[in-house]
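Quantities reported herein were computed from a predicted structural model and do not represent experimental measurements. Scope of the values below: all heavy atoms of this structure, side chains included, with no hydrogens, waters or symmetry mates.
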Amino acid sequence: MEPLRVYTFAPAWGLPTSGPFALKLLAWLDHHSIPYQQKIENRPDRGPLGKSPWIEQGTLRMGDSDAIMRHLAAQRGLPDPSRCDTSAQAANLGLRIAFEERFHQIVEWELFVNPEGRREMRAIIRTLTPPLIGPIVFAQMARHFGRQLRARGIGRLAPAQITDEGCRLLDALMLRLEAGGGWLDEGGPGLTDFAVWGQVAPMLCWPMRTPVADHAKSLPILRAFHDKINSLREVQPSAIAAAG
């Protein structure tokens, strides 16, 4: 079988990448002991869909984390990770959408609009780009995310409303984790666990004081959930290399 290369944003905050959807994919690969090499590429426009992550395997280039997992599952005789046959799976699909769509917007808002997040992202980009280019790249990214978040709706809300919505989603997540004995998927971990973890892990790990991230860090069950999934990488380490 051709080697599998997974292209992601650079590591950040002690995580293997800053990208929530790449975190989901890497956790799923590690859980299923699928060997891969992580390649760092901070320009998603180089991928087949213009977003991160993507994979290359032989002549295949594929984007979209869910499509990638379905392809690799079929290739290796694993169950379709996104199949929805039961009411519990249907409920988990709704939870994944809530976090990968709405909560993801809140993650982006705290990183690119909240003043504390903006300072951190500006500093990160400065370390990844030449001195004269960094401020330009950050300004372009901040404008892009600001316009996108306004178009998607979250950017039209007041900061207090955004914080309230993010905390409500996290509190709802706590109810599900408590009911599931610390997992979201029955007998977890599964795709829902990895997808939701990918969205909350950056907030749990980044150092800046942003309001929704502060609430996430105050939830012991959520921190335990993060520790369990993050430990998968200690069991299945993967090579990381700069894309070239």
Side-chain angles (χ1 to χ4, degrees), residues 3-30 34-57 61-65 68-69 100 103-114 116-146 148-149 194-208 210 213 216 226-227 229-234 236-244:
L4 175 64
R5 297 179 297 279
V6 182
Y7 289 78
T8 76
F9 292 126
W13 313 306
L15 295 168
T17 176
S18 62
F21 296 94
L23 287 172
K24 171 181 70 173
L25 175 59
L26 295 181
W28 183 84
L29 290 168
D30 290 336
I34 297 175
Y36 63 91
Q37 182 180 46
Q38 183 181 354
K39 300 283 242 178
I40 302 307
E41 179 52 80
N42 291 309
R43 288 188 53 182
D45 58 296
R46 291 179 173 172
L49 296 180
K51 61 181 186 176
S52 181
W54 75 90
I55 65 166
E56 294 182 359
Q57 190 176 40
R61 301 180 78 237
M62 178 180 289
D64 187 85
S65 57
I68 292 168
M69 287 186 290
E100 293 197 316
F103 193 82
H104 183 67
Q105 295 179 51
I106 296 170
V107 173
E108 292 178 337
W109 190 89
E110 290 213 333
L111 283 177
F112 289 97
V113 181
N114 179 278
E116 291 293 324
R118 286 174 66 92
R119 275 193 286 272
E120 173 76 3
M121 291 307 297
R122 186 182 291 112
I124 288 175
I125 291 168
R126 190 162 51 237
T127 67
L128 299 174
T129 57
L132 297 178
I133 302 298
I136 298 172
V137 172
F138 175 77
Q140 291 175 337
M141 291 180 67
R143 280 196 301 271
H144 166 77
F145 282 105
Q148 187 181 74
L149 291 171
F194 302 139
V196 171
W197 174 74
Q199 302 299 321
V200 301
M203 281 190 171
L204 289 168
C205 294
W206 70 44
M208 56 278 197
T210 56
H226 164 71
D227 290 342
I229 295 183
N230 198 38
S231 68
L232 291 172
R233 289 190 58 83
E234 298 175 9
Q236 296 290 336
S238 62
I240 300 180

Between E110 (side chain only) and A213 (backbone N and O only), is there a donor and an acceptor less than 3.5 Å apart? yes

Do side-chain atoms of R118 reach the backbone of V113 as a donor and acceptor pair under 3.5 angstrom? no

To the nearest 0.5 Å, how far apart are [atom1] in [X] and [atom2] in [Y]?
X: I133; Y: Q140; atom1: CD1; atom2: CD; result: 9.0 Å
X: Q37; Y: Y7; atom1: CD; atom2: OH; result: 8.0 Å
X: M69; Y: M62; atom1: CE; atom2: CE; result: 12.0 Å
X: H226; Y: M203; atom1: NE2; atom2: CE; result: 14.0 Å
X: T210; Y: I106; atom1: OG1; atom2: CD1; result: 11.0 Å
X: T17; Y: K24; atom1: OG1; atom2: NZ; result: 13.5 Å

For residues [X] and [Y], report the shortest heavy-atom separation together with the two atoms involved.
X: I229; Y: A27; value: CG2-CB, 4.2 Å
X: W54; Y: E41; value: CH2-CG, 3.4 Å
X: L25; Y: P53; value: CD2-CG, 4.0 Å
X: E100; Y: A195; value: OE2-CB, 3.5 Å
X: G198; Y: L23; value: O-CD1, 3.7 Å
X: S18; Y: P202; value: O-CG, 4.2 Å

Residue pair W28, I34: steps toward the side-chain contact (heavy atoms from CB on, under 4.5 Å) verdict: CA-CA 9 Å; W28 183 84; I34 297 175; 3.7 Å; yes

Taking the side chain as C-beta and beyond, is there a heavy-atom pair between I124 and F138 under 4.5 Å? no

Do the side chains of V200 and F103 get nearer than 4.5 Å, heavy atoms only? yes

Check this for me: does any side-chain nitrogen of one of E56 and K39 sit under 4.0 Å from a carboxylate oxygen of the other? no

Pairs of donor and acceptor atoms involving the side chains of residues 8-16, under 3.5 Å and at least two apart or interchain, shall be tabulated with distances.
unit_1 : atom_1 : unit_2 : atom_2 : d
T8     : OG1    : Q38    : NE2    : 2.8
W13    : NE1    : E120   : OE2    : 2.9

Taking it one step at a time, do W206 and L111 satisfy side-chain contact (heavy atoms from CB on, under 4.5 Å)? CA-CA 10 Å; W206 70 44; L111 283 177; 3.4 Å; yes

Can you list the steps and then say if V6 with I68 is a side-chain contact (heavy atoms from CB on, under 4.5 Å)? CA-CA 10 Å; V6 182; I68 292 168; over 6 Å; no

Are H104 and F21 close enough that their ring centers fall under 6.0 Å? yes

Mind running side-chain contact (heavy atoms from CB on, under 4.5 Å) on L26 and Y36 for me, showing each step along the way? CA-CA 9 Å; L26 295 181; Y36 63 91; 3.5 Å; yes

